[in-house]
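Values reported hereafter were calculated over all heavy atoms of this structure, with side chains retained and with hydrogens, waters and symmetry mates removed. Order of the sequence lines fixes the chain letters, A, B, ..., with proteins taken first and strands second; residue numbering starts at 1 for each chain.
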Protein chains: 2
Amino acid sequence: MTLADQPPAGALVFQTLLAHGPLTRAEVGRRTGLSPGAVTKVTAPLLADGWITELGRPAVERANGRPATLIAVHAGRARFVGVKVTGDELIGVLADLTAQPLATARTALASRDVGNVVLAIARLVGELRAEADAMGEREVHSIGVTISGDVDGQTGTVQYSPFLDWRRVPLAQLVETATGTPTVIENDVRALTVAEQWFGAGVGLSSFAVVTVGAGIGCGISIGGRVVSGAHGVSGEVGHLPVGGTDRVCTCGNTGCVEAVASTHAITEQARQASGDPALTMDEAVRLAHAGDGAVRAVFSHAGHVMGLALASVANLIGPERIIISGEGVASYDLYEDQIRQTFAAHAFGAASECDLVVRPLPFEEWARGGAAVAAQRLFAPTK
Amino acid sequence: MTLADQPPAGALVFQTLLAHGPLTRAEVGRRTGLSPGAVTKVTAPLLADGWITELGRPAVERANGRPATLIAVHAGRARFVGVKVTGDELIGVLADLTAQPLATARTALASRDVGNVVLAIARLVGELRAEADAMGEREVHSIGVTISGDVDGQTGTVQYSPFLDWRRVPLAQLVETATGTPTVIENDVRALTVAEQWFGAGVGLSSFAVVTVGAGIGCGISIGGRVVSGAHGVSGEVGHLPVGGTDRVCTCGNTGCVEAVASTHAITEQARQASGDPALTMDEAVRLAHAGDGAVRAVFSHAGHVMGLALASVANLIGPERIIISGEGVASYDLYEDQIRQTFAAHAFGAASECDLVVRPLPFEEWARGGAAVAAQRLFAPTK
DNA sequence: GATCATACATTTCCTCGGGAAACTAAGGAA
DNA sequence: TTCCTTAGTTTCCCGAGGAAATGTATGATC
């Protein structure tokens, strides 16, 4: 509870431990630039309050000198619930301080009415809270709700959600009163980016982007440890980069959007045309392509090409150290990975091509974990 | 000289005055969140060293209470020389603390040999220094050299310059020894962005982008007061966003690059084809288009469309508060402005279209002014 | 096995930055 | 005049963190 009012050095030490795992005090001092004395002083209250724990000796002992003691964040010190809201279901996860999932839950949404969704969230949170109690876990500290669209985390308002058709819904406040637990909300992709930044493939990078491929194509951008929000709430709209040619029309009304070519919907639709089977599913399309169906393969290959152009655009503009590709669509990733990399390499300008492309599967609860990460982040990095 | 070792509050006050012009101490305190006492304490040494001056009463007097005293940065306290290096000439400018130009100079480059360029820079600096002496100005504090390509400002090295065909040239060191004056170097577009951020249309914005149209098409991106550098030295490569269709081949070998369609070179070339006159100049093309030549107009309109797609890409990814369009190419801006705005509005996703598009002419010395701004910035914002 | 060297950790002391609040300054209004 | 209001200054104080002396636990050395 007292984490919020630590001196700057305290927060710095805590975040260093969070990002880099168990370290000795001396090592923490070196990495943060703090003096040894300051580290000791600042770790004392964190230890006393149980935010960090001593772990004993490091695995690789030093040749001589007094042996060091590892300290690490005490992940169990606080619990969070993360909830991802989609158009038709809720995904919830109970997680610890390091956003490790302890339990998950899903529930279908009967309607998209605000009151109904809030009620469903409260029920889901109750479920997870009960599970936490059963596990002997302590009280849930706060809730992080994530949702696609234009979300203002400062005011806790969903400015606009296309999937739910919501406008200016004070969701944080509503969930807070329905559950009695402090709640923060955030855009789903940005929450995922926060999770990657603190606990995933973005740890320690000066800049990186997370691209998610699924029903939509989204992107979170982190530069210098801060996730880019966009002055008007919009950022990372990779799905609507106009690099896809003129043949397909996007839901936004334009031609050329990446989403109109490379989203799972778009691929399925194109595969149906290519195969002549109007009821073809994504799984079947993948199977056909793997079996060598040229027309269907071409669909994946074209999608890969457009994705490559999109990633090259990100690299050319931002120059991130790494781009993390993730999402349901990654199930069929091997089908177009080569094409993505090839197109990316061709269109990334100069040293931008040194950008590291990595693929990470995105388990369904990962989205919800992002919510927990955002909730946790408010605790230890209460900036802004 | 003592500006570098001011306490944080001192730097904050100075930067506030730099960005927002003359203010009363009370107002400075309000804007920075500092207590009145702190403002007084911190301004005292700045006044004593001549970094700021008192300006007397504000224009709009307050109804009651003690009259306030304005304080403002003393622009003449320090001089800087900014130099922009292109493939065939040098542009130099003598500027004050606020990067206001006091004198300019140009010189042609006989060869692109490193030694020759360094010598030419030293001569140009000498010229401007003499002019400063004649004006009774004080010593030049430092030099900022800007150059397009991959520039590492930390080490003072030009990693790669396509126009000059340089690789790993320690330019800062070379100019420093040749002139005897401390020198910093920076990528030209990023330097321009720094100038806009501190002294131009980017003052006070949480994020903005500067797009320059000319022989190449470049872009500087500023987010949260920091100019994005790219992990591998590449960022803002708007010129190579692949949104331009497949019909024209770029110097980088790809099709679809913005630069292959909308740079001044590309427009001239396309206008020549459209008009059938292989010796057509840009000026003549502009005249033809203004006169109603449909084919030439179409060239400008297509370039505008592709520029609109590029700006929409920037807006969709970053969500800047404003995009500043600038460059030599802007001479013919009215010819395709409508098309740019129309395409931008169509392809900027959701609230990203609220991004403010402004056009600023780019006088030839503006590039060099960027160098002076970078040099000045090192003085008052000596971060990293 | 006593001593030493070494590196980790703690404690003590001190400096410095900036806030709180009392105080001074300078004008207008009653 | 006196009072009110806002600007600016001074004084006092507290908290954060660095420097350096001190304490501590190990292996190495004689």
Side-chain angles (χ1 to χ4, degrees), chain A residues 2-17 20 22-49 52-72 380-383, chain B residues 2-17 20 22-49 52-72 380-383:
Chain A
T2 49
L3 238 200
D5 39 53
Q6 288 299 318
L12 188 59
V13 167
F14 188 78
Q15 289 169 28
T16 304
L17 290 174
H20 301 285
L23 296 171
T24 68
R25 286 179 178 78
E27 185 58 29
V28 169
R30 264 174 247 125
R31 298 210 189 194
T32 57
L34 291 168
S35 69
V39 176
T40 294
K41 198 188 307 183
V42 106
T43 49
L46 290 173
L47 274 168
D49 281 355
I52 61 180
T53 43
E54 296 199 326
L55 246 52
R57 298 295 142 82
V60 294
E61 287 274 348
R62 196 165 285 280
N64 48 7
R66 169 180 174 175
T69 314
L70 287 175
I71 50 176
F380 59 77
T383 333
Chain B
T2 48
L3 236 202
D5 39 52
Q6 289 298 318
L12 188 60
V13 167
F14 187 78
Q15 289 169 27
T16 304
L17 289 174
H20 301 286
L23 297 171
T24 68
R25 286 179 178 77
E27 185 59 27
V28 170
R30 265 174 246 125
R31 298 209 189 193
T32 57
L34 291 168
S35 69
V39 176
T40 293
K41 199 189 305 183
V42 107
T43 49
L46 290 173
L47 274 167
D49 281 354
I52 61 178
T53 43
E54 296 199 324
L55 247 51
R57 298 294 141 82
V60 294
E61 288 275 348
R62 198 165 283 281
N64 47 5
R66 170 181 172 175
T69 312
L70 286 175
I71 50 176
F380 59 77
T383 333

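- The base of dA7(D) sits within donor-acceptor range of the side chain of Arg66(B), with an N or O pair under 3.5 Å.
- Regarding Leu12(A), its CG atom lies at a distance of 9 Å from the P atom of dG17(D), rounded to whole Å.
- Between Thr69(A) and dA9(C) there is a side-chain polar atom (N or O) within less than 4.0 angstrom of OP1 or OP2.
- The only member of Val28(A), Val39(A), Ile71(A) that meets side chain to side chain contact (heavy atoms under 4.5 Å, CB included) when paired with Leu23(A) is Val28(A).
- The CD1-C1' distance, from Ile71(A) to dT10(C), rounds to 14 Å in whole Å.
- One interatomic measurement links the two molecules: CZ of Arg25(B) to P of dA25(C), which rounds to 15 Å at whole-angstrom precision.
- Put simply, CD on Glu27(B) is 14 Å from P on dT6(D), counting in whole angstrom units.
- If you check distances only, the side chain of Lys41(B) never reaches the base of dG17(C) with a donor-acceptor pair under 3.5 Å.
- Taking atom CG of Leu34(A) as the reference point, atom P of dA9(C) lies 14 Å away to the nearest angstrom.
- Close to dA7(D), at under 4.0 Å from its OP1 or OP2, lies a side-chain N or O of Arg30(B).
- Here Pro7(B) lies in heavy-atom contact (under 4.0 Å) with sugar-phosphate atoms only.
- Side chain of Thr24(B), nearest nucleotide from dG8(D), dG27(C), dA9(C): dG8(D).
- If you measure from atom CD of Gln6(A) to atom C1' of dG17(D), you get 14 Å, rounded to the nearest angstrom.
- Taking for each of Pro36(A) and Ala38(B) the nucleotide of DNA chain D with the nearest heavy atom, the 5'-most of the two is the partner of Ala38(B).
- Under 4.0 angstrom from either OP1 or OP2 of dA26(C) there lies no side-chain N or O belonging to Arg57(B).
- The minimum heavy-atom distance between Ala72(A) and Leu55(A), with the atom names listed, is CB-CD2, 3.8 Å.
- Considering every non-hydrogen atom in both Ile52(B) and Leu47(B), the closest pair reads O-CD2, 3.4 Å.
- Atom CG in Asp5(A) sits roughly 10 Å away from atom P in dA16(D) (whole-Å rounding).
- Of the candidate nucleotides dA16(D), dA7(D), dA26(C), dA7(D) has the atom nearest to the side chain of Ala26(B).
- Here the CG-NZ distance, from Leu34(A) to Lys41(A), works out to 10.5 Å after rounding to the nearest 0.5 Å.
- Between the side chain of Arg57(A) and the main chain of Thr69(A), no donor-acceptor pair closer than 3.5 Å is present.
- Between Glu54(A) atom CD and dT24(D) atom C1' the separation is 14 Å, expressed in whole Å.
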